[in-house]
Structures are given as C-alpha cells and as structure tokens.
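Since the structure is predicted, the reported quantities are computational estimates derived from the model, not experimental observations. The chains referred to below are lettered A, B, ... by the order of the sequence lines, with proteins before strands, and numbering in each begins at 1.
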Protein chains: 2
Amino acid sequence: MSLEERKEILRFPKATFERLKSYHALLTQLLLEEKREYVLSEEIAEMLRITPEQVRKDFSYLRSTGKPKLGYKVSELLDELDELFGTRETENIIIIGAGHLGKALANYKGFKNIGARVAAIFDNDPQKIGTMVGELMILPLKDIPRVMRRFRVRIAAICVPESAAQEVADMLVGYGIRAIWNFSSRILDVPNDVIVRNEDITRGLLGIKHMLAQESTEASKQVEIR
Amino acid sequence: MSLEERKEILRFPKATFERLKSYHALLTQLLLEEKREYVLSEEIAEMLRITPEQVRKDFSYLRSTGKPKLGYKVSELLDELDELFGTRETENIIIIGAGHLGKALANYKGFKNIGARVAAIFDNDPQKIGTMVGELMILPLKDIPRVMRRFRVRIAAICVPESAAQEVADMLVGYGIRAIWNFSSRILDVPNDVIVRNEDITRGLLGIKHMLAQESTEASKQVEIR
DNA sequence: GCTTATTCGTGAAAAATCTCACGTTATTTT
DNA sequence: AAAATAACGTGAGATTTTTCACGAATAAGC
C-alpha cells in the first residue's frame, strides 16, 4: 500500500510535476479567495500562460476528472494535490541566518498551506541572539543539533551571506541534514545524497532581462507576423 | 548586426538557456573566489549535478571552445555569457514593498554581477516612508511614475503581502511596466504583453519534500539496484 | 426527453531534449 | 618528435515532452 502510493508519485513526467506545483498554488488561491467551485482548463491555462491541452494532459495523470461544460472541481483537485505533495504531514524546517531574508522567511505565512513549519531560526550575531522574530527567538548556531534532534528536522534554509554559505552547509551536513534550501547565490558543494535546492534570485532576473531583449527583437517582426 | 546578435540569442534550446544561467553563476564564483583559469566539463557537471555531456553540448552553442586536457577557459566563457545576458548594460529596477523581503532584495549585493541596479524602493506605510534602506530612501507609492520615467524603469519587484499583490500589479501595469518580478505567492492576472516571473518560494519547498519522500522510497530499492 | 453546444480525455504525431559513442585534438610524457 | 592520454565536440539514436485532432460525455436549452 505504502509502496503503491509512492509508485504513483513516480509515474508523472517530471515536467508535469513542476506544473502541478503551480496548479496547487492557483487552486489554493481560487478556493480561498474566490470560493470557486469549478474551474475550466482554459481558465487555468490563461492564468499560468500555458495551453489548455497541457493542463488537461497534466490532470489526466491524476485520479480527478473534469466535467464537460463545468470543468474541474476545485476542492477535489486540490485534495488530490495536497495528498500528492504530502501537504498534510508537517515538516519542520530551520532557518540559518536572521538577516532580512531569514526574517522574511520566518514570517512567511504560506508554509502551513504546504505542510511546513519553521521550528527555529539561528544566527551567530550576539546582538541578535535572544531577540524575537514573530514568535521565534533567535538561537545561537550551537543549538542547531539539539533542535534538529528534537524536531526531527531534515530541511535547513540557508539565509546567510554568500561568504559564509559553504561553511554553514558543511556544518549542517555534519549534523546530518537531509536537504538544503539555499537562498544564497553561492553554489554549494555538498555530498550527493544531500538534496540541494537553489533559490538564487538572480536567475529570475536574468530570465526577465532576456525576455525583454527578445521582445524588442520581436517588435521588428510584428510587421510581418501580425 | 544588432539583428544578428539577437538571432544568436534565439538559437539556443530553451533548456540550454536555463542552464546557462547556472553556468554563469558558477563561473562567476570560480573566477572571483578561486581565480580558476580553466575548468573541466566534468567539474561543472558535478557541482550542478548534471552530466558532463550536457555541459559540453550546452557550450557547443556558444563561440567559446574548450581544450582537451585543460577544459574551458573560465574568463573566456564568462565574457561570452556576460555578453549574452547583457550583463554590461545596467537595468534599473524598482521594489514595491519595504518589508523584510523588500529590504533583503534592496540590500542584495549581487545585482551588479547581472547588470541590474535598484533605482528605488516604495511602501505605503507612513512610518516607513522617509527612512533608509542602505542608501535608498523609502518613497511613497505615488512617486512610482516619476521614478519610472526618470530611470527608464521596465522591471518592478513586488514584495508586498499576498492580499495587496494584485492591486499593486494593476497599478504598475497602468504605469506601463514591462515586467513584474513577483515575490508574493499570489498568481497575478496581468495583460499578456507584460512579462511575469514568479519567484514563489513554496515551490522550492514542495520540490524538496517530494524528493525526500522519493528518497525513502528509493531506499527500499537500493537492495536490488546497488 | 431530445438536441445542441461546449469542454473534457487521450492516442498519435511532432517537437524538443538528452544520452551515447566515438572521432578529433591538444597536452603531456618519453 | 612521436606516442599516449585525457578531454572536448558532435551526429545519431533514444527519450521525454508538447501539440494536435477528434471522439466522448454532459450540462443547458428547447
């Protein structure tokens, strides 16, 4: 049974899985804000700037099914995605670095929507240690192993300056962390069995700049195309 | 000539372009931190967790070429990527929202590496207006059009709470913004000719959770596979 | 209840991407 | 200077992903 469940996770195209995250976010929004009951593949497509066919194909890998003329039932789809993403089981994470970025992350309210909770935030600045960020007290780095054990922490977010990121990563690996959520732009060198997810900001901007550049190129084509 | 240059941009596979951003970050790091002269496709591959073949294939779309036994010349490759990404021309951006996230972004030192500069940061909280974030003074929202005109701003980063994100987006669109860099987890509804890049944090975490779940599944297979 | 209009579901074709295998080439060694 | 070696470069094949086209299904209108 447990094996069956997990096989299910594996049978999506990787690209579909990526989009499922977007659908999850969008559907959460539709349900909470608009209290929408049904949604069309075409509406989803327009919001996410993909094609309706793509949306339907993606959903075809799920158990949920749509109704002609009405579309998909938002709550049903969301339930299935919640189950898929394990949103109901809460994962404790820790944040290393209590600068603006670390604090912003600690204050983020959306974690509960995806089954996560910030167990603690750490910094090595004596000035900061002991002060509060929301409901959390900033702790010294030496407390990391204790907190990791106590809350069964597997994921750590690195929010320290680039110059310290590798060092912090090494320390976390030493403590047996399973995944690093890296908010520094440093590309980290860690053992292969530790998951690394880079949240490097600059990549988004490079993408935008490129699209803007392309756009001005396209402009010259518009005469012919449109 | 200008057209030639731009055609060049268009002839990469999209997937390659995405990876070029990672190479850019990694090479910048190698040059600045380690002062490395040459780098092997295999080294790059290991750091980025892809295959050396993929790296070489990607580079084959560039003019730069590697040398057997030595690998690629870091500075040469980086020059070409800088040119490709337009890193030398500085793009002025504005930040809407001076909470922790907005401040973190405003303080980010890496923008110069990718040809960007924060022209101004805005908030609607009278308490915050007039106070400083690094070298920038927080301005009221009504100043946005003036700043946009003066600094030829095409890109705006939205760092406001989810509940205000759509409203801010509408306003920016009204002012003629060309691209929105969205740090809220709200999926925005804006005209199709406005570029939107979602930097929604939760997606990264969903990915990590999924990989952790997969990992424990894989564990049971390891007996057979390895 | 029958008809019509609309939207889903999905194989099959097309396109994009990745992997493989091996020839090529420059450095290093002898 | 020749041989050996290590790493690049790349076409061809395999795989993955997207698009297309159309049948199926169902809600709404008559």
Side-chain angles (χ1 to χ4, degrees), chain A residues 7-23 26-27 30 36-81 207 210-211 214, chain B residues 7-23 26-27 30 36-81 207 210-211 214:
Chain A
K7 251 180 195 165
E8 206 167 278
I9 294 173
L10 291 172
R11 78 160 172 253
F12 305 109
K14 202 163 131 30
T16 290
F17 182 77
E18 287 307 306
R19 282 187 299 269
L20 288 178
K21 295 184 213 167
S22 303
Y23 302 141
L26 179 58
L27 292 169
L30 286 176
R36 281 285 286 281
E37 191 169 5
Y38 285 94
V39 64
L40 301 175
S41 63
E42 181 141 4
E43 296 174 293
I44 294 176
E46 200 198 323
M47 291 294 280
L48 301 179
R49 301 183 174 195
I50 55 181
T51 67
E53 293 84 3
Q54 183 79 81
V55 174
R56 294 204 300 274
K57 187 71 139 186
D58 286 337
F59 289 171
S60 77
Y61 294 103
L62 304 175
R63 288 188 307 273
S64 303
T65 142
K67 286 185 182 180
K69 297 252 205 176
L70 289 181
Y72 298 87
K73 189 157 194 181
V74 177
S75 60
E76 182 186 331
L77 214 40
L78 199 50
D79 275 349
E80 187 170 358
L81 289 177
H210 181 251
M211 282 189 275
Q214 263 197 327
Chain B
K7 251 180 194 165
E8 205 167 276
I9 293 172
L10 292 169
R11 79 159 172 257
F12 303 110
K14 203 164 128 33
T16 291
F17 182 77
E18 286 307 306
R19 282 187 299 270
L20 287 179
K21 296 184 211 165
S22 302
Y23 302 142
L26 179 57
L27 292 169
L30 284 176
R36 281 284 287 281
E37 190 168 6
Y38 286 94
V39 65
L40 302 176
S41 62
E42 180 142 6
E43 295 175 293
I44 294 176
E46 200 198 324
M47 291 292 281
L48 300 180
R49 301 184 174 193
I50 53 182
T51 67
E53 291 83 3
Q54 183 79 82
V55 174
R56 295 204 298 275
K57 187 72 139 188
D58 286 338
F59 289 170
S60 76
Y61 295 103
L62 303 176
R63 289 188 307 274
S64 304
T65 144
K67 285 186 184 182
K69 297 250 208 180
L70 289 180
Y72 298 87
K73 190 159 192 179
V74 177
S75 60
E76 183 187 329
L77 214 40
L78 198 50
D79 276 349
E80 188 171 355
L81 289 177
H210 181 251
M211 282 190 276
Q214 262 197 328

Practice prompt. Report the distance from atom CD of Glu18(A) to atom CG of Leu20(A), rounding to the nearest 0.5 Å.
Written response: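 Going from the CD atom of Glu18(A) to the CG atom of Leu20(A) covers 9.0 Å.
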Discussion item. Could you measure the distance from the CG atom of Leu77(A) to the CD atom of Glu80(A)? Nearest 0.5 Å is fine.
Written reply: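 One finds 7.0 Å between CG of Leu77(A) and CD of Glu80(A).
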Between [options], which nucleotide has the shortest distance from any of its atoms to the side chain of [X]?
X	options	result
Lys14(A)	dT17(D), dA26(C), dG9(C)	dT17(D)
Lys69(A)	dT17(D), dA5(C), dC8(D)	dA5(C)
Leu70(A)	dC8(D), dA27(D), dT18(D)	dA27(D)

Measure [atom1]/[X] against [atom2]/[N] and give the value in whole Å, please.
X	N	atom1	atom2	result
Leu40(A)	dA27(D)	CG	C1'	12 Å
Arg56(A)	dG23(D)	CZ	P	15 Å
Gln54(B)	dA21(C)	CD	P	16 Å
Glu42(A)	dC8(C)	CD	P	8 Å
Asp58(B)	dA16(C)	CG	P	16 Å
Tyr38(A)	dC8(C)	OH	P	12 Å
Arg19(A)	dT16(D)	CZ	P	15 Å
Glu53(A)	dT10(C)	CD	P	15 Å

Mind checking [X] for me? I need base, sugar-phosphate or nothing, with any heavy atom below 4.0 Å counting as a touch.
X	answer
Lys57(A)	base
Tyr72(B)	sugar-phosphate
Thr51(B)	sugar-phosphate

Worksheet item: Is the base of dA7(D) touched by the side chain of Lys67(B) through a donor-acceptor pair closer than 3.5 angstrom?
Response: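 Side chain to base: no pair present.
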Discussion item. With a 4.0 Å limit, can you tell me whether Thr65(B) has a side-chain N or O closer than that to the phosphate oxygens OP1/OP2 of dG9(D)?
Written reply: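 For Thr65(B), the contact criterion (side-chain N or O under 4.0 Å from OP1 or OP2 of dG9(D)) is met.
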Worksheet item: Within the pair Ser41(A) and dC8(C), is there a side-chain N or O less than 4.0 Å away from OP1 or OP2?
Response: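 Yes.
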Fill in: Matching residue for Val55(B) among Leu48(B), Val39(B), Ile44(B) - test: side chain to side chain contact (heavy atoms under 4.5 Å, CB included)
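Filter result, single survivor: Ile44(B).
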Item to complete: Please work out whether the ring planes of Tyr72(B) and Phe59(B) are parallel, tilted or perpendicular, with thresholds of 30° and 60°.
Response: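 Perpendicular.
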Practice prompt. Would you kindly compare Gly66(B) and Ala15(A) by the position of their nearest DNA chain D nucleotide and give the one closer to the 5′ end?
Written response: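 That would be Gly66(B).
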Item to complete: Verify, without hydrogens or angle tests, whether Glu43(A) (side chain) and Leu40(A) (backbone) share a donor-acceptor contact under 3.5 angstrom.
Response: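 Yes.
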